[in-house]
Amino acid sequence: MTAATTPTPSSKQKTFRVRIKRQESQGTDPHWHTFDVPYRPNLNIISVLQEIAARPVTAAGEQVRPPVWEANCLEEVCGACTMIINGHVRQSCSTLLDDVLGDDNTLTLEPMTKFPVVRDLAVDRQRMFNALKKIKAWVPIDGTHSLGAGPMESPEQQEMRYALSRCMTCGCCLEACPQYTKDNDFIGPAAIGQTLLFNLHETGKKAAGDRLNVMMEPGGITDCGNAQNCVKVCPKEVPLTEAIAHVGRQTTVHAVKKFFTGK
Amino acid sequence: MATKQPRVIVVGGGLAGLAASVRIAEAGTPVDLFSMVPVRRSHSVCAQGGINATNEVARQQGYSEWMHMDETLYGGDFLNHQPPVYDMTHWAPRIIDLLDRAGVPFNRTSEGRRDLRKFGGSLFKRTHFSGATTGQQLLYALDEQTRRHEAEGHVTKYEFWEFLWPVLDDDGVCRGIIAQDMRTMEIRSFRADAVIMATGGCGAIFGKSTMSVICTGAAAARCYRAGAWLGNPEMIQVHPTAIPGEDKCRLMSESARGEGGRVWVPRKQGDDRKPTDIPDAERWYFLEERYPAYGNLVPRDIATREIFNVCQEGYGVGGGNMVYLDVSHLPDETKHKLDGILEIYEKFVGDNPRKVPMKIFPAVHYSMGGMYTIYATEEKKPVEGDEGQAIGMKFGDPTNMQTNIPGLYAFGEVNYQYHGATRLGANALLSCIFDGLYCGLGTHNRVTNMDKPAAELPDSLYNKYIEQEQAKVKHLSEAQGKHNPYELHERMGSEMTAACTVVKTEERMTKAYGVLREIKEQYEDIRLSDTTSWTNANLGFARALGDMIRYAEATLLGSIERKESRGSHYRPDYPERDDAKFHKTCIAKYDSAGDKPIIEWEDVPCPLVPPRARTYGKVEVSAESAASKQADLDNKPGGEGYSQRPSETSPVYGTETNGKDASAS
Ligand SMILES: Cc1cc2nc3c(=O)[nH]c(=O)nc-3n(C[C@H](O)[C@H](O)[C@H](O)COP(=O)(O)OP(=O)(O)OC[C@H]3O[C@@H](n4cnc5c(N)ncnc54)[C@H](O)[C@@H]3O)c2cc1C
Ligand code: SF4
Ligand code: SF4
Ligand code: FES
């Protein structure tokens with residue numbers, strides 16, 4: 001083996017190319033910057049961005065300002081670092097360069113398109129948090145005083161609620177959903193998942209009617225076209241298909257009941 | 001925003017900040033909640049393993065709140081303050097109940113009750129958990145309750161706002177804060193009758209750690225520079241099991257060992273066979289052999305030093321800094337409970353830990369030290385299981401967890417109170433929520449009895465501080481020096497990690513102190529690559545770096561001056577615990593004229609439990625000595641009933657000694 005002297009046949013050269021879509025702020029025109037970054041095995045996308053931020057010189061040798069992105073946990077649990085990586089929406093902390101760098105040796109990073117851009121790769125996902133407020137995504141407890149344990153729960157139901165409760169408000173599902181756009185009012189799959197999460201809980205159920213009212217309104221669950229794109233991109237494998245089906249049924253029952261009782 | 005109603009500012013929306021916000025809003029005082037990230041993305045989401053509290057099953061096996069307290073103090077090598085720990089452990093079961101009511105999907109037994117797992121520093125199962133993402137689940141529950149108060153108008157959130165400085169009036173009382181909108185870069189003052197710092201740990205002063213990106217310690221450092229004291233800044237926990245990475249060290253939770261995971265290296269140095277090809281008899285389970293009672297579940301500082309030493313002696317995997325953490329032998333149901341963390345390993349390393357042992361090494365993880373705080377004490381009526389006089393904090397007292405600055409409080413990881421010289425696994429989440437719920441009431445009580453509310457103070461007081469912060473920004477953005485803040489940070493991080501973590505010697509630390517001084521000078525000569533005025537992350541980072549350097553100095557000087565070994569603070573040049581000289585809190589005060597820390601010492605009262613030697617029943621064994629089969633028995637995987645307490649009472653405390661005799665106590 002003379003591997004040490006001959007270059008490896010791999011397309012991964014000593015450096016690779018990174019194209020980043022830049023935007024100064026909302027309402028300004030985006031532009032692209034290209035950087036050449038030294039290759040090392042096992043880099044994740046955040047490390048690539050850190051490398052560029054520390055020495056922000058483009059491939060053409062121009063000193064530019066460092067790119068802006070959002071990240072916090074770096075282990076795919078806070079939901080902050082979502083972006084579009086080589087055309088796919090995903091978390092930049094848990095995406096390894098080796099898994100996405102293609103034959104063209106280029107990494108392309110863009111901000112999500114369904115949310116207003118704050119700057120470069122950072123977007124404003126406040127709409128997701130507002131949706132949580134709208135559907136009353138909480139258990140209406142009687143306060144923090146010492147009032148004994150919560151309701152008992154079967155391990156099966158716990159597993160289902162845990163799976164729904166892992167949603168980290170990253171927005172991948174909304175980016176992928178054809179029905180969710182920047183300027184409509186569809187509540188989106190993440191909030192539907194949360195609706196089920198709280199409607200399943202013994203005490204959470206007390207506000208189920210309010211949540212289902214939101215689901216019946218324009219922008220509610222009837223806007224879902226069942227394309228299933230959402231569940232495919234969810235990094236936490238939140239059971240969105242089940243949630244949409246369940247909440248759909250709950251909404252129908254609720255609507256019928258409302259029709260007959262007027263409540 | 002001049003309103004007459006008293007207000008409280010909470011800086012930080014992790015578990016501590018959210019628990020405080022909910023408690024205070026519920027008591028009727030409006031809260032302004034500040035966070036650099038949407039609170040739902042706070043660092044607390046990273047916590048994996050669980051949260052400790054005694055429960056009925058443990059109690060019937062002989063465990064109690066008192067024993068939980070005792071373990072916490074023994075684990076902390078008696079540097080913790082005892083009355084707050086008394087209350088924390090006695091409130092723990094209620095806190096779990098509350099979280100349960102709030103919808104946290106705790107793992108369940110087949111009957112539908114909350115399941116428990118084993119964790120470090122205890123011979124009992126007393127750790128409640130929600131999959132392997134307990135922190136995320138707890139944080140969400142409190143985030144949701146906060147959102148409810150927000151919807152009802154009791155909490156106002158300022159997300160993507162950075163705390164810059166506390167506002168102190170002429171009497172040195174805290175009256176609000178200066179903060180900056182991280183998007184528009186606007187700098188503003190906010191009035192408050194009390195300010196709670198709940199800003200978490202300071203991992204970033206070591207460069208890479210298991211913490212999140214924003215855990216820089218800068219907020220605490222700013223308070224320190226403004227006159228708040230630090231308590232035990234030298235006490236930093238290095239977690240034994242992490243996966244070293246380019247951008248961060250990812251934690252492999254103690255729950256892996258709690259569920260039966262085993263740490264080992266090949267018995268033969270340099271054995272380069274695949275781990276799965278090495279038969280059991282040729283594996284050295286060094287923790288199980290050296291600590292037959294606790295096995296893999298010795299406290300973190302001990303596991304960390306053992307792993308570190310085994311690697312130093314050349315037994316590391318491939319001769320390097322790496323040992324195996326093995327869960328591959330566990331039954332599938334047990335592995336399933338660990339899915340959340342096993343996925344992390346799989347995602348970031350590529351191997352499947354269900355089949356192959358994981359390769360891990362220690363990493364900086366937690367700050368036991370932080371802002372110095374006080375509290376009021378009160379004698380309590382002992383409850384069942386209490387083994388002595390019961391002394392706790394005076395419930396609702398406005399001084400509880402207040403810093404030396406009146407009106408400025410510290411809750412959660414940034415508070416130095418609960419964990420002494422080592423934090424036990426699954427005790428941090430508890431201390432954060434406890435601070436918010438228990439001490440939050442004291443803060444509320446303070447502001448409802450103010451004779452001079454902040455709303456009536458002159459604008460000039462606040463404007464002075466706004467100008468101070470604007471001047472800093474101007475200075476940084478106009479700097480035309482030659483140093484890159486990211487490079488300075490890298491240098492500081494590697495220096496701090498080398499000098500001031502697992503093994504600390506006078507010589508190495510003194511050198512590092514010199515290097516820090518050099519970095520401080522270079523910091524005065526930096527240059528930013530972004531000088532624009534919209535979402536300028538570069539500016540925020542550079543500003544925080546200046547504060548981090550000051551925090552690091554206090555950590556180093558405290559470490560140099562604590563000439564003893566205690567818990568996580570290990571000095572080979574002073575290998576004994578020295579209670580006569582150092583059973584004391586290290587207080588770091590900022591000397592602004594000299595721009596350096598001044599270290600002072602304060603006695604730690606022990607009204608509940610007298611200090612004793614901390615050995616965890618260590619026995620001397622080497623790689624060659626016969627493997628202790630007993631360890632295997634003690635280490636059966638969890639999930640099938642609760643482990644019994646060993647027959648003798650306290651068999652391990654203070655019997656054997658590894659040279660750390662508490663002779664002076
Ligand atoms: C990987 C990992 C796993 C862990 N697992 C466990 C476990 O299983 N059990 C356990 O008990 N403990 C565990 N811990 C420890 C525990 O997670 C932390 O101690 C705890 O979450 C700290 O919570 P906190 O509320 O004090 O702060 P954090 O959750 O760190 O929150 C800090 C808050 O302060 C804000 N903030 C910081 N600086 C500023 C500023 N300048 N201006 C405005 N806002 C600011 C942030 O935005 C954030 O909202 C773990 C820690 C790590 C790193
Ligand atoms: S199923 Fe399709 S339309 Fe419905 S939420 Fe998912 S992606 Fe959107
Ligand atoms: S459902 Fe999945 S993709 Fe959607 S926000 Fe939650 S975690 Fe992200
Ligand atoms: S940084 Fe938290 S999900 Fe990527």
Side-chain angles (χ1 to χ4, degrees), chain A residues 24-25 40 42-44 46-47 50 53-56 63-66 68 70-80 93-94 96 118-119 122 125 129 132-133 136-141 143-144 146-155 158-159 161-162 165-166 168-169 197-198 201 203-204, chain B residues 22-23 26 37-38 40-43 45-46 94 96-98 100-103 105-114 130-131 133 136-137 140-141 144-145 147-148 150-151 183 212-214 245-248 250-251 340 344 347-348 350 437 484 486-487 529-532 534-538:
Chain A
E24 288 312 311
S25 62
R40 287 190 309 268
N42 270 327
L43 285 175
N44 61 355
I46 295 282
S47 310
Q50 285 174 342
R55 285 162 279 275
Q63 172 90 35
V64 294
R65 65 170 177 82
V68 172
E70 235 187 278
N72 197 25
C73 70
L74 304 186
E75 50 193 55
E76 202 189 73
V77 67
C78 79
C93 65
S94 56
L96 299 182
V118 173
R119 197 175 206 192
R125 281 169 282 188
F129 297 111
L132 294 178
K133 215 183 277 174
K136 299 196 173 158
W138 54 74
V139 174
I141 55 169
T144 62
S146 181
L147 301 172
M152 299 249 281
E153 183 170 44
S154 69
Q158 182 271 342
E159 291 249 330
R161 287 206 309 117
Y162 178 67
S165 190
R166 288 181 75 195
M168 55 180 183
T169 336
L197 170 65
F198 291 98
H201 187 268
T203 318
Chain B
V22 169
R23 187 74 190 86
E26 186 180 277
V37 295
R40 205 175 166 83
R41 307 199 197 284
S42 293
H43 166 64
V45 292
C46 291
R94 293 185 228 172
I96 303 292
D97 278 347
L98 168 65
D100 186 18
R101 282 169 49 223
F106 284 114
N107 275 48
R108 300 284 161 167
T109 63
S110 54
E111 197 185 321
R113 297 177 193 280
R114 294 174 310 224
S130 184
T133 58
Q136 179 195 34
Q137 297 306 316
Y140 287 180
E144 287 146 9
Q145 294 303 321
R147 186 165 292 102
R148 182 180 173 199
E150 185 192 18
R183 290 172 171 177
S212 298
V213 180
I214 57 167
E246 281 275 345
D247 52 337
K248 113 172 249 194
R250 294 181 175 86
L251 182 74
I344 293 183
K347 268 193 177 139
F348 289 95
L437 293 180
N484 176 331
Y486 295 98
E487 282 163 8
S529 41
D530 186 357
T531 55
T532 53
W534 173 255
T535 321
N536 187 335
N538 196 234

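Protein chains get the first letters and strands the later ones, always in sequence-line order, with residue 1 at the start of each. Quantities reported herein were computed from a predicted structural model and do not represent experimental measurements. Side chains are part of it too, since the values below use all heavy atoms of this structure and drop only hydrogens, waters and symmetry mates.
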Which residue out of A:S154, A:S94, A:S146, A:P66 racks up the most heavy-atom pairs below 4.5 Å with chain B? A:P66
Any chance you could measure A:L96, atom CG, to B:F348, atom CZ, to the nearest 0.5 Å? 7.0 Å
Name the option with the most non-hydrogen atom pairs under 4.5 Å to chain A; the candidates are B:K248, B:R94, B:R23, B:R113. B:K248
With chain B, the option among A:L43, A:N42, A:L147 that has the most non-hydrogen atom pairs under 4.5 Å is A:L147
For the backbone of A:T144 and the side chain of B:R101, can you confirm whether one donor and one acceptor N or O come within less than 3.5 Å of each other? no
For B:D97 against A:G148, the heavy-atom pair lying closest together: CB-O, 3.4 Å
Is chain B contacted by the side chain of A:V118, its backbone, both, or neither, given a heavy-atom distance below 4.5 Å? both
Does B:Y486 have any ring pair (Phe, Tyr, Trp, His ring centres under 6.0 Å) partners at least two apart in sequence or in another chain, and if so, which? B:F541
Separation of A:M152 CE from B:R108 CZ (nearest 0.5 Å): 8.5 Å
Is it the side chain or the backbone of A:I141 that comes within 4.5 Å of chain B heavy atoms, both, or neither? both
Heavy-atom contact with chain B under 4.5 Å, split by part of A:F129: both
Quick check: do B:R40 and A:L132 have side-chain heavy atoms less than 4.5 Å from each other? yes
Compare every heavy atom of B:G103 with every heavy atom of A:V139, then report the nearest pair and how far apart it is. CG2-CA, 4.1 Å
Within a radius of less than 6.0 Å around NZ of B:K347, do more than 12 heavy atoms belonging to other residues, nucleotides or ligands occur? yes
Against A:R119, only a single residue in B:N536, B:T532, B:T535 fulfils side-chain hydrogen bond (donor to acceptor under 3.5 Å, both in side chains); can you say which? B:T532
Under 4.5 Å from any heavy atom of chain A, what part of B:R148 do you find: side chain, backbone, both or neither? both
Quick one: does B:R41's side chain get under 4.5 Å of A:E70's, heavy atoms only? yes
Quick check for you: to the nearest 0.5 Å, what is the distance between B:H43 atom NE2 and A:C78 atom SG? 11.0 Å
Taking B:S42's backbone N and O only, do any of them form a donor-acceptor pair with A:N72's side chain (distance below 3.5 Å, no angle check)? no
How long is the straight-line distance from CD of B:Q136 back to SG of A:C73, given to the nearest 0.5 Å? 9.5 Å
Kindly indicate, with the supporting measurements, whether the criterion side-chain contact (heavy atoms from CB on, under 4.5 Å) is fulfilled by A:Y162 and B:T133. CA-CA 10 Å; A:Y162 178 67; B:T133 58; 2.6 Å; yes
Proximity breakdown for A:R125 and chain B, heavy-atom pairs closer than 4.5 Å: side chain
If one checks every heavy atom of A:Q158 against chain B at 4.5 Å, the contacting part turns out to be both
Heavy-atom proximity to chain B below 4.5 Å, by part of A:L74: both
Heavy-atom closest pair, residues A:Q63 and B:S529: NE2-CB, 3.8 Å
Return the set of residues passing side-chain hydrogen bond (donor to acceptor under 3.5 Å, both in side chains) with A:T203 (not counting sequence neighbours), or none when no residue passes. none
Below 4.5 Å from any heavy atom of chain B, which atoms of A:N44 appear? Answer side chain, backbone, both or neither. side chain
Heavy-atom distances under 4.5 Å only: say whether B:I96 touches chain A with side chain, backbone, both or neither. neither
By a 4.5 Å heavy-atom criterion (distance strictly below it), what part of A:P155 contacts chain B: side chain, backbone, both, or neither? both
Distance (rounded to the nearest 0.5 Å) between A:E153 CD and B:R114 CZ: 11.5 Å
Apply side-chain contact (heavy atoms from CB on, under 4.5 Å) to B:Y140 and A:R166, showing your working. CA-CA 9 Å; B:Y140 287 180; A:R166 288 181 75 195; over 6 Å; no
Would you name the heavy atoms of B:D247 and A:S47 that are closest together and state the gap between them? CB-OG, 3.5 Å
What are the two closest heavy atoms between A:W138 and B:E144, and how far apart are they? CB-O, 3.6 Å
Counting heavy-atom pairs under 4.5 Å to chain B, which of A:K133, A:Q50, A:E76 comes out on top? A:K133
Segment of B:L437 engaging chain A (4.5 angstrom heavy-atom cut-off): side chain
Shorter than 4.5 Å, heavy atoms on both sides: which option in A:P151, A:A80, A:A71, A:P56 has the most such pairs with chain B? A:A80
Closest non-hydrogen atom pair between A:V77 and B:V45, with its separation: CG2-O, 3.6 Å
B:Q137 and A:S165: side-chain donor and acceptor closer than 3.5 Å? yes
Identify which of A:H201, A:R161, A:E75 forms the greatest number of heavy-atom pairs closer than 4.5 Å to chain B. A:E75
In terms of side-chain geometry, is the basic nitrogen of A:R55 or B:E487 positioned less than 4.0 Å from the acidic oxygen of its partner? yes
Can you say whether A:A137 sits under 4.5 Å from chain B via the side chain, the backbone, both, or neither, judging by heavy atoms? backbone
Contact winner vs chain A - B:A102, B:A141, B:A537, B:A151, heavy-atom pairs under 4.5 Å: B:A102
